[in-house]
Each structure stands twice: as structure tokens, then as C-alpha cells.
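Sharing a structure here in C-alpha cells format.
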Amino acid sequence: MRDNPVDAEVPSHRLLVRAGYIRRAAPGGYTWLPLGWRVYQHVAEIIRQEMDNMGAQEVNFPAMLPREPYEASGRWTDYGDNLFRLQDRRKVDFLLGPTHEEMFTLLVKDLYSSYKDLPLSLYQIQTKFRDEARPRGGLLRGREFSMKDSYSFDIDDEGLQQSYDAHRNAYVRIFERLGLPFAIVSAMSGAMGGSKSEEFLFPCEIGEDTFVQCTKCDYSANTEAVRVGAPAAIDSKSTPRAQVFDTPATPTIQTLVDLFNSRADLQRKDRQWTTADTLKNVVVNLRHPDGRIEALAIGVPGDREVDMKRLEAQVSPAEVVPFDDTHFAAQPKLVKGYIGPNALGLAHSTGVRYLLDPRIADGSEWITGANAAGKHVAHLVHGRDFTADGVIDVAEVRDDDTCPSCASALIIKRGIEIGHVFQLGQKYAEVLGLSVLDKNGKAQTVTMGSYGFGVSRAVAAIAEATCDDIGLRWPHAIAPFNVHIVMAGKEDALITDTANNLAQTLDSQGIRVLLDDRVGVSPGVKFKDAELIGNPIIVVVGRGAANGVVEVRDRLTGLASEVAIADAVAHVKSACATS
RNA sequence: CGGGGAGUGGCGCAGUUGGUAGCGUGCCUGGUUUGGGACCAGGAGGCCGGGGGUUCAAGUCCCCCCUCCCCGACCA
């Protein structure tokens with residue numbers, strides 16, 4: 001295919017379509033063509049081998065599942081619109097599996113009943129369905145995609161930790177074998193439930209996940225899960241007492257700071273005021289799962305926004321909904337634009353729960369709202385003049401924020417989430433009644449882990465990681481073929497025989513060979529196609545054949561060398577072995 | 001779900017004041033060519049996203065719907 005498909009923006013997607021690996025078949029659904037399917041199988045096989053190595057056993061569930069187990073776990077409703085639901089002819093509800101915690105839990109419940117059967121790890125490589133609001137980047141985010149999902153079952157937390165570590169280590173090996181760079185970041189568990197979880201990200205500009213990495217130590221976390229360290233307390237003995245000022249015409253924090261810097265009675269002697277000296281109080285509503293609405297005020301330094309993603313991750317399962325004018329009307333003591341700490345808190349008149357960003361150090365002084373229109377208060381000291389009901393870490397994260405582990409600078413990166421490992425704990429085992437008898441004959445609820453790995457997404461990520469301007473560049477372990485033989489130049493018996501013999505010999509020795517024997521196609525076209533398809537070695541059988549040589553090219557480095565026909569097989573084999 | 005863009009042969013696109021659809025590429029046939037996207041000749045292929053309307057006449061004008069892409073929201 002000579003022209004790029006116009007509806008593909010992401011390079012790997014464009015190339016995979018153009019080179020004939022995949023083809024869109026439905027919104028968010030892709031057909032694997034022969035080249036693509038070979039790549040997919042290679043990736044799946046590497047995953048399979050590493051899962052088997054760590055002692056997991058492969059099974060396979062149907063994709064179409066009954067409603068009841070998901071009803072029991074709450075996910076029939078919790079998954080919301082992202083769940084594909086359907087009914088059979090008798091109007092019985094089914095779903096297309098988005099992930100299989102419930103089914104695995106029930107399987108183990110059916111099959112096992114003793115602690116002697118544990119630990120146990122089961123996995124499958126299977127098509128998953130999620131009705132994504134916005135599929136993107138071809139294989140990167142589909143509504144139908146292939147995932148390896150595994151589940152561990154242990155009698156206690158120690159066992160879970162071991163199973164978790166085993167999976168984590170297996171994932172490290174899989175990434176290494178796939179040749180895919182990765183970062184392991186702390187993450188929030190989200191709708192999956194459970195406690196500890198880590199994501200395996202492929203760092204990449206087009207990624208949809210944002211994470212931070214420490215420039216010094218190995219701390220790394222999804223921005224939702226970042227925890228900033230609390231600064232040391234500040235001695236406020238010499239801080240002036242709090243004072244209220246009229247601050248007309250200060251609709252934004254910047255205008256407020258400008259006013260303070262321009263008025264002699266408000267200026268600081270040592271430096272200019274900045275937006276970071278102000279305390280911004282944001283009020284939202286939380287909708288709890290039981291339907292209860294609760295107002296929540298959050299205090300952050302004025303130079304930062306509240307990151308809604310981080311907030312939602314923190315307050316989950318409650319949902320964040322806006323605190324709009326009707327809510328302000330119902331709370332006359334909250335003066336929109338001038339909300340100050342002294343109106344907030346469970347102990348205060350409004351009774352609105354008030355949580356502070358951890359950066360608001362004990363003893364620090366602030367310019368903030370005075371709870372009256374047109375008035376702000378300065379020198380308001382945390383701990384001396386106001387207190388909050390607790391701490392919440394939801395301010396936006398920035399480059400150069402400090403690492404919670406070593407206090408060095410953090411940097412922000414983007415990545416594609418390929419794997420996610422969870423310590424689920426007993427959530428699913430409890431609601432589905434999975435327990436085994438322990439040594440004392442007593443029923444113990446099993447504790448579980450869940451481990452996802454996006455297989456189709458990994459294919460796209462590898463393509464993204466390795467491609468260049470002119471095409472794909474697969475590593476040997478993944479490539480559809482090891483060698484792409486191009487017959488170039490005027491067709492004659494020597495060239496045809498040399499190419500065919502070479503292909504047959506390599507094939508018989510276990511090398512995967514693609515032979516381009518199209519007639520009447522000019523050499524330039526064949527070269528371009530070979531480069532686009534991206535197998536790691538390209539062998540050109542052409543005019544050199546008359547002199548007893550062929551050209552061997554390395555697609556990755558672009559280096560080419562002439563090799564005697566007699567040595568070609570050995571040369572290619574060693575190239576396959578070393579790269 | 002909000003904002004923006006776009007739907008015309010496989011792919012990339014053009015189509016004027018409304019007049020019955022064209023170009024490039026790919027495909028088929030024959031011939032010439034053969035180391036970096038060759039050339040000549042002949043050919044096949046289109047419910048112009050869908051429905052309704054205006055009109056003698058609609059790819060083009062009007063209304064409704066659908067789909068795709070990008071940004072956001074959401075999401076292992």
C-alpha cells in the first residue's frame with residue numbers, strides 16, 4: 001500500500017495498516033492479516049512460555065459470560081457503559097468478558113477445597129471486550145482486544161506476596177524478551193478493588209498514561225498514585241498576626257498577587273508575593289455509592305490546580321460531581337471566590353469537610369479568602385490560625401516536584417500501559433464464597449492476585465518502539481519472518497534458482513523465510529516493501545548473483561554487505577542468532 | 001458525553017452558479033522494461049455514509065440520523 005491511511009495518526013498504527021499486518025473491521029476492532037497474526041503468535045508464545053515457567057497453568061474461558069457472577073461482585077453495574085451486555089432469545093442477560101476475576105474465582109471454588117491445593121496460578125490468553133468511549137491508535141485501545149489475564153490463589157498474605165512477585169518477575173522477563181523498554185510504576189487499583197498494584201508502562205510520547213520518575217532513585221508512580229512528602233514544620237513565632245484586607249477587583253489569583261505586590265501596606269520586604277503564597281480552596285461534591293452527596297473543600301497552593309483524575313482516584317468509590325451555584329445558594333457562608341479556611345471544616349459553621357494538600361506545612365502562612373466578598377486575609381498561619389480535617393494529595397503533579405522517597409526532582413513522562421499487576425486480596429473470594437480448609441480443618445477465605453498483560457497492545461507498542469520513517473523494524477523474536485529475500489533485477493534462471501535454493505535451505509534449517517518472487521515488479525518497489533514490512537534481515541538476490549554474491553542487509557542498522565552465495569546460509573544464520 | 005475536523009472506486013483526493021461523476025495510485029489483459037516506488041495501449045471497478053425534503057434535475061441546497069479521526073472527559 002503506497003499511501004498512508006488518512007485516519008491513522010499514530011505511527012505504529014499507520015505502518016501496521018499500510019504494511020498489511022492489520023485491517024480495521026469494526027469500530028475498535030481489527031482483523032489480523034497473515035503478517036500480523038504471525039507477530040501476534042510470537043508475542044503470545046513468549047508470554048505463554050514465561051507464564052508456564054513460573055508455574056501458572058493455561059486455561060480458556062468463553063468470552064460470553066453469564067450475568068450472575070458479575071452481579072455478585074457488583075461489576076455488572078460498576079463497569080457501567082464499558083461493559084458489553086447482550087441477551088439470548090429468552091431475554092437472559094449475558095456479557096462479553098472485560099476481564100475474568102469472577103469466572104476464575106468460581107472455577108477454583110468448584111475445583112479445590114484444601115489449602116494443599118494452593119498456591120495456584122491460572123491464566124488465559126483471550127479476547128476481551130470493553131465498550132471504550134473512544135478507541136484509539138488501532139491496536140493501542142480497541143473495544144475488542146487480546147489480553148493475557150492470570151489470577152493467583154493463596155491461603156494468606158505471605159503467599160499472595162510470593163505469587164505477586166513471581167508474576168512481577170515473569171513480566172520483567174517478558175518485557176526483556178520482547179525487547180520493549182518499560183517502567184514499573186505504583187498505581188491506583190481503581191475499579192478492580194484490592195490494595196497494592198503496579199503498572200508496567202512502555203515509556204512513549206503517544207502514551208495515554210502519565211507517570212513520574214525520580215531523577216535520582218528508582219521511585220516511579222502513576223500521577224494518580226504519586227504521594228508528595230510533607231514539608232517540615234515552619235516556625236511561625238515571627239509571622240505577623242493574620243489581618244483582613246479589602247481586595248477589590250481581584251477576580252483571579254494573579255490579580256490578587258499583583259495587588260499585594262503593588263500596595264505599600266501589603267508588600268513583602270524580602271521578596272515579591274507569588275501565586276504559591278496563596279491558598280486556594282476548591283469545593284466539590286462527592287456522590288457516595290449509597291447516593292449520599294457530601295461537600296468537600298480542598299486547600300491547595302494557588303499556583304496549582306486540583307487534578308480531577310487524582311481526586312477521583314483518591315475518593316473512589318465516591319464520584320466527584322460539581323459544586324454549582326445551587327449548592328452555593330444552599331451554603332450562604334461559602335462566598336464564591338473568597339472561600340477561606342475559617343469557614344471550612346467539620347467543626348466550623350458550614351460543616352464542610354476540609355482537607356489540605358500536604359504542601360501546606362504546619363506553621364506556613366497564606367493569603368487566602370476571608371469569607372466575605374472583596375476581602376482576603378494575609379498571614380494566616382496553618383496550625384496557629386486554622387486547621388483542617390486532614391490531608392489529601394490531589395494537587396496537580398509537575399516536573400521538578402520532589403520525590404517522596406529521596407526528595408530529589410521528579411520528571412513527568414508518558415507511557416502506554418502494557419501490564420498491570422494487582423494484589424486483589426479477598427474481595428472476589430468473599431463475595432463469591434471461595435474458601436478452602438486450612439490445616440486445622442477451618443475454612444479460610446482465599447486471597448487473590450490478578451495480572452493483566454495486553455497482548456495486542458504489546459504488538460502495537462513493539463512496533464511503535466522499533467519503527468522508523470520508512471517502515472517497521474521487528475526484532476527476530478517477534479518478526480513475522482527472520483529473512484526477507486528479494487529477487488531483484490532482470491528475471492533469469494540464475495537469480496531465480498539462487499533465491500529459491502537459499503529460501504529452501506534456510507527454511508529447512510528452521511529460519512523463517514519470506515521470498516518476494518513477484519515477476520514484473522521493479523526492484524525499487526520490492527525494496528520499499530521489504531523495508532516497510534520490516535523483517536530484520538533482507539537478502540537481495542540480483543545482479544551480484546552472476547559474480548557469485550548476494551547482498552545481506554540489516555533492517556535495523558541499515559548496514560549491507562556482499563556475501564558469497566556459498567556462505568549466505570551460514571551468514572544469515574549467525575545474524576539471526578546474534579541479533 | 002463536550003469541542004473541532006471529515007465521510008465520493010481498494011487507498012489518497014478533486015468535483016465551479018444544482019445539469020446525471022473524475023484524477024492519481026492500485027487491480028485485470030497485452031507488449032516493452034528490471035538495483036531504489038518504470039512505460040505504452042486497452043479494460044474492470046462507484047445506492048457520492050443513510051433517510052427525508054426542495055427542484056424538471058441533487059455529490060452539490062435544506063432537515064434529521066449514522067460513522068470515522070483529533071482534543072478533552074472516562075477507562076485494565
Side-chain angles (χ1 to χ4, degrees), chain A residues 1-10 13-14 17-18 20 23-24 26-29 75 78-83 97-101 128-138 140-143 145-150 187-194 197-201 206 208-209 222 224 307-309 312-313 316 319-322 416-422 424 450-458 470-471 486-492 495-496 516 518-532 538 540-546 549-551 553 560 562:
Chain A
M1 200 182 291
R2 192 164 288 196
D3 298 308
N4 273 319
V6 70
D7 56 357
E9 288 287 322
V10 175
H13 180 205
R14 222 165 36 216
V17 172
R18 235 185 101 190
R23 199 174 169 83
R24 200 184 84 94
R75 292 209 294 180
D78 287 353
Y79 241 100
D81 288 339
N82 271 15
L83 194 63
T99 167
H100 279 64
E101 279 75 6
K128 299 286 190 257
F129 298 85
R130 293 183 195 174
D131 191 356
E132 297 281 352
R134 183 153 85 87
R136 184 178 168 268
L140 283 177
R141 172 170 301 279
R143 301 205 296 175
F145 59 98
S146 171
M147 180 164 95
K148 188 285 300 174
D149 50 327
S150 38
M188 302 294 291
S189 305
M192 300 288 291
S197 94
E198 290 173 292
E199 292 171 350
F200 282 69
L201 302 181
I206 58 158
E208 298 177 279
D209 290 74
N222 191 298
E224 288 167 25
D307 183 328
M308 285 301 157
K309 269 185 153 175
E312 298 202 340
S316 173
E319 277 180 88
V320 178
V321 291
I416 297 171
E417 181 186 1
I418 306 289
H420 202 154
V421 289
F422 288 91
L424 281 181
S450 145
Y451 316 91
F453 193 106
V455 185
S456 44
R457 187 179 279 184
I470 58 173
V486 171
M487 284 172 27
K490 195 173 168 67
E491 193 187 359
D492 69 23
I495 289 173
T496 311
D516 186 350
R518 289 176 292 178
V519 296
V521 176
S522 21
V525 173
K526 291 186 178 179
F527 293 148
K528 292 280 190 212
D529 285 349
E531 285 151 359
L532 176 62
I538 298 170
V540 183
V541 181
R543 62 188 174 199
V549 296
V550 294
E551 185 182 330
R553 297 180 185 177
E562 302 239 299

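So that the names make sense, note that chain A is the first sequence line, chain B the second, and so on, each numbered from 1.
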Requested in this report: State which residues pass salt bridge (charged side-chain N to carboxylate O under 4.0 Å, His left out) with Glu312(A); sequence neighbours excluded, sorted by chain then number.
Outcome: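 Counting only residues at least two positions away or on another chain, Glu312(A) forms no salt bridge (charged side-chain N to carboxylate O under 4.0 Å, His left out).
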Report task. Please measure how far the P atom in G53(B) lies from the corresponding atom in U17(B), and state the result in whole Å. Result ->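 Straight-line distance between the two P atoms is 27 Å.
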Query raised in the report: Expressed in angstrom and rounded to an integer, what is the separation of Arg457(A) atom CZ from C75(B) atom P?
Result: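 Checked: the CZ to P distance equals 14 Å.
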Report task. Output all residues satisfying side-chain hydrogen bond (donor to acceptor under 3.5 Å, both in side chains) with Asp149(A), sequence neighbours left out; order by chain, then residue number. Result ->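 Asp149(A) satisfies side-chain hydrogen bond (donor to acceptor under 3.5 Å, both in side chains) with Gln124(A), Lys128(A), Tyr151(A) only.
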N/O contacts under 3.5 Å, protein versus nucleotides 72-74 of chain B?
unit_1 : atom_1 : unit_2    : atom_2 : d
C74(B) : OP1    : Glu312(A) : OE1    : 3.1

Query raised in the report: Under the side chain to side chain contact (heavy atoms under 4.5 Å, CB included) test, which residues partner Ser522(A), sequence neighbours left out?
Result: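 Only Val525(A) meet the side chain to side chain contact (heavy atoms under 4.5 Å, CB included) criterion with Ser522(A).
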Requested in this report: Please state the P separation for the pair A14(B) and U54(B) - nearest whole angstrom.
Outcome: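 Rounded to whole Å, the distance is 31 Å.
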**Report entry** Distance, C1' atom - from G59(B) to U33(B), rounded to whole angstrom
**Finding:**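 Per the computed distance, 40 Å lies between those C1' atoms.
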Query - Pairwise distance CZ(Phe200(A)) to NE2(His420(A)) - rounded to 0.5 angstrom - result: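 Phe200(A) atom CZ to His420(A) atom NE2 measures 10.0 Å (nearest 0.5 Å).
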Query raised in the report: Is there a side-chain contact between Ile470(A) and Phe527(A) (heavy atoms, below 4.5 Å)?
Result: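 Contact flag for Ile470(A)/Phe527(A) side chains = no.
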Report task. Would you give the length of the straight line joining atom OG1 of Thr99(A) to atom CE of Met147(A), rounded to the nearest 0.5 angstrom? Result ->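 Separation between the atoms: 4.0 Å.
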Requested in this report: To the nearest Å, give me how far apart CZ (Arg23(A)) and P (G26(B)) are.
Outcome: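 After rounding, the gap between these two atoms is 17 Å.
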Report task. Using whole Å, report how far CG of Asp131(A) lies from P of U67(B). Result ->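 Rounding to the nearest Å, CG of Asp131(A) and P of U67(B) are 11 Å apart.
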Query raised in the report: Using a 3.5 Å cut-off on both pairing distances, which stems of three or more Watson-Crick or G-U pairs include RNA chain B?
Result: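 Ordered by first number, the stems with RNA chain B (at least 3 consecutive pairs each) read B:1-7 with B:66-72, B:10-13 with B:22-25, B:27-32 with B:38-43, B:49-53 with B:61-65.
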Requested in this report: Go through the structure and list residues passing side-chain hydrogen bond (donor to acceptor under 3.5 Å, both in side chains) with Arg14(A), not counting sequence neighbours.
Outcome: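 Testing Arg14(A) for side-chain hydrogen bond (donor to acceptor under 3.5 Å, both in side chains), a comparison that skips the adjacent residues, returns none.
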Requested in this report: Please work out if Arg24(A) contacts a base, only the sugar-phosphate, or nothing of the nucleic acid, heavy-atom cut-off 4.0 Å.
Outcome: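 Touches sugar-phosphate only.
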Query - Side-chain donor/acceptor of Arg141(A) to base of A76(B), under 3.5 Å - result: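 Looking at the base of A76(B), it does not pair with any donor or acceptor on the side chain of Arg141(A) (distance under 3.5 Å).
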Query raised in the report: What heavy-atom pair brings Ser450(A) and Glu101(A) nearest, and what distance separates the two atoms?
Result: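 Minimum heavy-atom contact is OG-OE2, 2.8 Å.
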Query - side-chain hydrogen bond (donor to acceptor under 3.5 Å, both in side chains) partners for Glu208(A), two or more places apart - result: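 Applying side-chain hydrogen bond (donor to acceptor under 3.5 Å, both in side chains) to Glu208(A) gives Arg141(A).
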Query raised in the report: Got a sec, which residues hit ring-ring contact (aromatic ring centres under 6.0 Å, His included) with Tyr451(A), two or more places apart in sequence or on another chain?
Result: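 In terms of ring-ring contact (aromatic ring centres under 6.0 Å, His included), with neighbours along the sequence ignored, Tyr451(A) is linked to His167(A).
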Query - Interatomic distance at P, G10(B) relative to C1(B), whole Å - result: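 Roughly 31 Å separates the two P atoms.
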Query - His13(A) side chain near Arg136(A) side chain, heavy-atom distance below 4.5 Å - result: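 Not in contact.
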Query raised in the report: Reckon Arg143(A) touches a base, only the sugar-phosphate, or nothing at all at heavy-atom distances under 4.0 Å?
Result: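 Result for Arg143(A) = nothing.
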Query raised in the report: For the atom pair CZ (Arg18(A)) and CG (Asp529(A)), what is the distance rounded to the nearest 0.5 Å?
Result: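 If we round to the nearest 0.5 Å, Arg18(A):CZ and Asp529(A):CG are 9.0 Å apart.
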**Report entry** P atoms of C28(B) and C64(B), separation to the nearest Å
**Finding:**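 About 45 Å, rounded to a whole number of Å.
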Query raised in the report: Ignoring hydrogens and geometry, is there a side-chain-to-backbone donor-acceptor pair from Ser456(A) to Ser146(A) under 3.5 Å?
Result: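 Answer holds: yes.
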Query raised in the report: Is Phe200(A) touching bases, backbone alone, or none of the nucleic acid, heavy atoms closer than 4.0 Å?
Result: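 Nothing: the residue Phe200(A), judged by heavy atoms under 4.0 Å, touches no strand.
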Query raised in the report: What string of B, S and - do you get for nucleotides 31-36 of chain B, 5' to 3', if B is base contact, S is sugar-phosphate-only contact and - is no contact with any protein heavy atom under 4.0 Å?
Result: --BBBB
Query raised in the report: Just how far, in rounded Å, is C1' of A76(B) from OH of Tyr451(A)?
Result: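 Taking atom C1' of A76(B) as the reference, OH of Tyr451(A) is at 15 Å.
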Requested in this report: Remember a base hit wins even if backbone is also touched, and classify Gly419(A) as base, sugar-phosphate or nothing at under 4.0 Å, heavy atoms.
Outcome: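 Since no nucleic acid heavy atom lies under 4.0 Å of Gly419(A), the category is nothing.
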**Report entry** Rounded interatomic separation in angstrom, taking CG from Asp516(A) and C1' from G37(B)
**Finding:**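 Spelled out: CG on Asp516(A) to C1' on G37(B) is 13 Å.
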Query raised in the report: Rounded to whole angstrom units, what separation is found between the CG atom of Leu424(A) and the P atom of A76(B)?
Result: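 Checked: the CG to P distance equals 13 Å.
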**Report entry** Whole-angstrom distance between G7(B) and C13(B), as gauged at atom P
**Finding:**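 After rounding to an integer number of Å, I get 9 Å for this pair.
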Query - C1'-based separation of A44(B) from C27(B) [nearest Å] - result: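 Those two atoms are separated by 8 Å.
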Requested in this report: Between G37(B) and A21(B), how far apart are the P atoms? Round to whole Å, please.
Outcome: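 Straight-line distance between the two P atoms is 37 Å.
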Requested in this report: Could you pull out all residues at least two apart from Asp516(A) that satisfy salt bridge (charged side-chain N to carboxylate O under 4.0 Å, His left out)?
Outcome: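 Expected list: Arg518(A).
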Requested in this report: Rounded to the nearest angstrom, tell me the gap between atom CG in Asn222(A) and atom P in C75(B).
Outcome: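 Spelled out: CG on Asn222(A) to P on C75(B) is 12 Å.
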Requested in this report: Would you check if Glu417(A) and Asn222(A) make a side-chain contact, meaning some heavy-atom pair closer than 4.5 Å?
Outcome: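 They are not in contact (no side-chain heavy atoms under 4.5 Å apart), so the answer is no.
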Query raised in the report: Looking at Val486(A) and Ala530(A), what are the two nearest heavy atoms and their distance?
Result: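 Looking at all heavy atoms of both residues, the closest pair is CG2-CB, 4.1 Å.
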Pairs under 3.5 angstrom, nitrogen or oxygen only, protein versus nucleotides 39-43 of chain B, please.
none

Query raised in the report: If every non-hydrogen atom of Asn82(A) is compared with every non-hydrogen atom of Glu132(A), which pair is closest and at what distance?
Result: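 Answer, listing the atom of Asn82(A) first, then Glu132(A): OD1-CA, 4.4 Å.
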Show me the protein contacts with nucleotides 48-50 of chain B, counting only N or O atoms at under 3.5 Å.
none

Query raised in the report: Got Arg553(A) and Glu531(A) here, is their nearest side-chain heavy-atom distance under 4.5 Å?
Result: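 Result yes, sub-4.5 Å side-chain heavy-atom pair found.
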Report task. May I ask you to verify if any side-chain N or O of Arg136(A) is less than 4.0 angstrom from the OP1 or OP2 atom of C71(B)? Result ->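 Yes.
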**Report entry** Nearest-nucleotide comparison on RNA chain B, the residue closer to the 5′ end among Pro135(A) and Val455(A)
**Finding:**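 It is Pro135(A) whose nearest nucleotide is closer to the 5' end.
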